[in-house]
2 protein chains.
Amino acid sequence: MPSNLEATFAALGEPTRRAVVGLLSRGPRRAGDLADELGQSAPAMSRHLRVLRRSGLIAPEEVDADARVRLYRLQKAPFDQMRGWLDEVELFWGEQLDAFHAHVVARNGEQ
Amino acid sequence: MPSNLEATFAALGEPTRRAVVGLLSRGPRRAGDLADELGQSAPAMSRHLRVLRRSGLIAPEEVDADARVRLYRLQKAPFDQMRGWLDEVELFWGEQLDAFHAHVVARNGEQ
DNA sequence: TTAATATTTAACTAAAAACGCAACTACTGT
DNA sequence: ACAGTAGTTGCGTTTTTAGTTAAATATTAA
C-alpha cells in the first residue's frame, strides 16, 4: 500500500474516481455496486479501482467468508498526506502574504 | 479562471507542477526562473503553467511595467475547493466510523 | 529599425490512460 | 463435475499528455 501524493492527486483528477471516493465515504461497497451506481461497466470500474488501490486511497476489506466479494474501504493515510501537503504550501504562502503586507505597511503606513 | 476540482487534482498529479506550486508558495516567480529551478525547458514549463492556469491554481500577475515578464502567483480558490471536498468526504467518513464504533460497542460493550 | 529577451504556440513523436468486448480466475451452490 | 456469480485481465482502439525543436509574439533597449 504505497501511498504517494503523485498517484493520489492523479487518481482524484478523474470524476468517476472522485465519485467512487464519495460513495465509499458513506461506507464500504462492492465493485459491482459501485459500477451500477456510477453507470460504469464492470471492467471500467475494475480499472478505476485499481488506480485507487495503487494510490492507497482504497483497500479491499480483509476477505472473511465469500472471496468472490471484495468490499472496498477508504484509507486515511492518503487524505492525511494531501492535507499535509496543502498545509505546507499554505504555511509558506501565509508567510509570503504576511511579508507582503508588512512591506505595504512599511511603505504606506498602517491602514 | 474556472476553478474546477477535476482540473485542480489532475494538475497536481504531476511532480513538476506540484514543485511549481511549492516554489510559488514562497512567492511569485517568472516562468523562466521556474524552468531553471526545476530543470525544465522553457516550452515544457510553459505547458505546465498553462495546465496550472487552466486549473485556476495560478494566475499571471497584473502586468505593470515590463510586459515581457509574467509573474505567476498562487490563487487561493482552488485550495479552498480541495479542502472543501476533503472536508465533505471526511465528514461522512467520520459518521460512518462513528456508526461502526457504536455498532461494535453495542455488540461488545464499552472498551 | 534592429537586436535582444521572455514567453508562448505549432508541429511532431512517444508514452500513458481510458474504454469496450471477450476471455479468464476464483469461488459458491447444486 | 457443472453452471452461475463477482471481479479482474488481455487486447485492440482512441484520446490525452508530456516532451522536443523550431517558429511566432510581444516588449524593451540600442
Side-chain angles (χ1 to χ4, degrees), chain A residues 1-2 4-21 23-24 27-74, chain B residues 1-2 4-21 23-24 27-74:
Chain A
M1 304 88 177
N4 61 315
L5 270 187
E6 167 139 12
T8 303
F9 278 122
L12 295 177
E14 209 278 339
T16 301
R17 289 194 292 258
R18 263 201 324 290
V20 166
V21 171
L23 286 174
L24 290 185
R29 275 184 179 55
R30 311 190 300 182
D33 293 342
L34 291 166
D36 291 346
E37 290 178 272
L38 298 175
Q40 298 272 319
S41 70
M45 180 53 68
S46 182
R47 286 169 201 287
H48 282 309
L49 292 175
R50 179 166 60 186
V51 173
L52 288 167
R53 239 185 291 125
R54 288 182 176 164
S55 77
L57 278 161
I58 69 173
E61 194 138 89
E62 311 73 57
V63 181
D64 28 55
D66 190 339
R68 275 177 311 180
V69 175
R70 303 188 92 175
L71 270 187
Y72 280 104
R73 190 182 282 280
L74 240 42
Chain B
M1 302 84 178
N4 61 317
L5 270 188
E6 167 139 11
T8 303
F9 279 123
L12 295 177
E14 208 278 340
T16 301
R17 289 194 293 259
R18 263 201 324 290
V20 166
V21 170
L23 286 173
L24 289 184
R29 277 185 178 55
R30 310 190 298 182
D33 292 343
L34 291 166
D36 292 346
E37 290 178 270
L38 298 175
Q40 297 272 317
S41 71
M45 180 53 68
S46 183
R47 283 178 179 287
H48 282 308
L49 293 175
R50 180 166 61 183
V51 173
L52 288 166
R53 237 186 292 125
R54 287 181 176 167
S55 78
L57 278 161
I58 69 173
E61 194 138 89
E62 314 72 58
V63 180
D64 29 57
D66 190 339
R68 275 177 312 181
V69 176
R70 302 187 92 178
L71 272 187
Y72 278 105
R73 191 182 281 279
L74 240 41

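Letters A, B, ... are given to chains in the order of the sequence lines, protein chains preceding strands, and every chain is numbered from 1.
Straight-line distance from the CE atom of B:Met45 to the C1' atom of C:dT9: 17 Å, rounded to whole Å. Taking atom CZ of residue A:Arg50 and atom P of nucleotide C:dA16, one finds them 14 Å apart after rounding to whole Å. Taking atom CG of A:Leu49 as the reference point, atom P of D:dT9 lies 11 Å away to the nearest angstrom. Rounded to whole angstrom, the span from the CD atom of B:Gln40 across to the C1' atom of D:dT17 amounts to 13 Å. Summarising the geometry, the separation between CG on B:Leu71 and C1' on C:dA6 is reported as 12 Å, rounded to the nearest angstrom. One atom, CG of B:Asp36, and another, P of C:dT7, lie 9 Å apart when rounded to the nearest Å. Rounded to an integer number of Å, the gap from CG of B:Leu38 to P of D:dA18 is 15 Å. As a whole-Å value, the separation of A:Glu14 CD from C:dA16 C1' is 14 Å.
Look at B:Ser41 and you'll find a side-chain N or O under 4.0 angstrom from OP1 or OP2 of D:dT20. Listed pair B:Arg30 / C:dT5 fails the phosphate criterion, with no side-chain N or O lying under 4.0 Å from OP1 or OP2. One finds no side-chain N or O of A:His48 lying less than 4.0 angstrom from the OP1 or OP2 phosphate oxygen of C:dA17. Side-chain N/O atoms of B:Tyr72 include one lying less than 4.0 angstrom from OP1 or OP2 on C:dT8.
Using a 4.5 Å heavy-atom threshold, the side chains of A:Leu38 and A:Leu23 count as touching. For the pair B:Leu71 and B:Arg30, the minimum side-chain heavy-atom distance is below 4.5 Å. Annotation: side chain of A:Leu24 is in contact with side chain of A:Arg29 (closest heavy-atom distance under 4.5 Å).
A:Ala42 comes within contact range of at least one nucleobase, with a heavy-atom separation under 4.0 Å.
Between B:Ser55 and B:Thr8, the closest heavy-atom pair is O-OG1, 3.6 Å.
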For the pair A:Leu57 and A:Leu12, evaluate side-chain contact (heavy atoms from CB on, under 4.5 Å) and give the outcome as yes or no after the intermediate values. CA-CA 9 Å; A:Leu57 278 161; A:Leu12 295 177; 3.8 Å; yes

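Each of B:Gly32 and A:Arg47 was matched to the nucleotide of DNA chain C holding its nearest heavy atom; the match closer to the 5' end belongs to B:Gly32.
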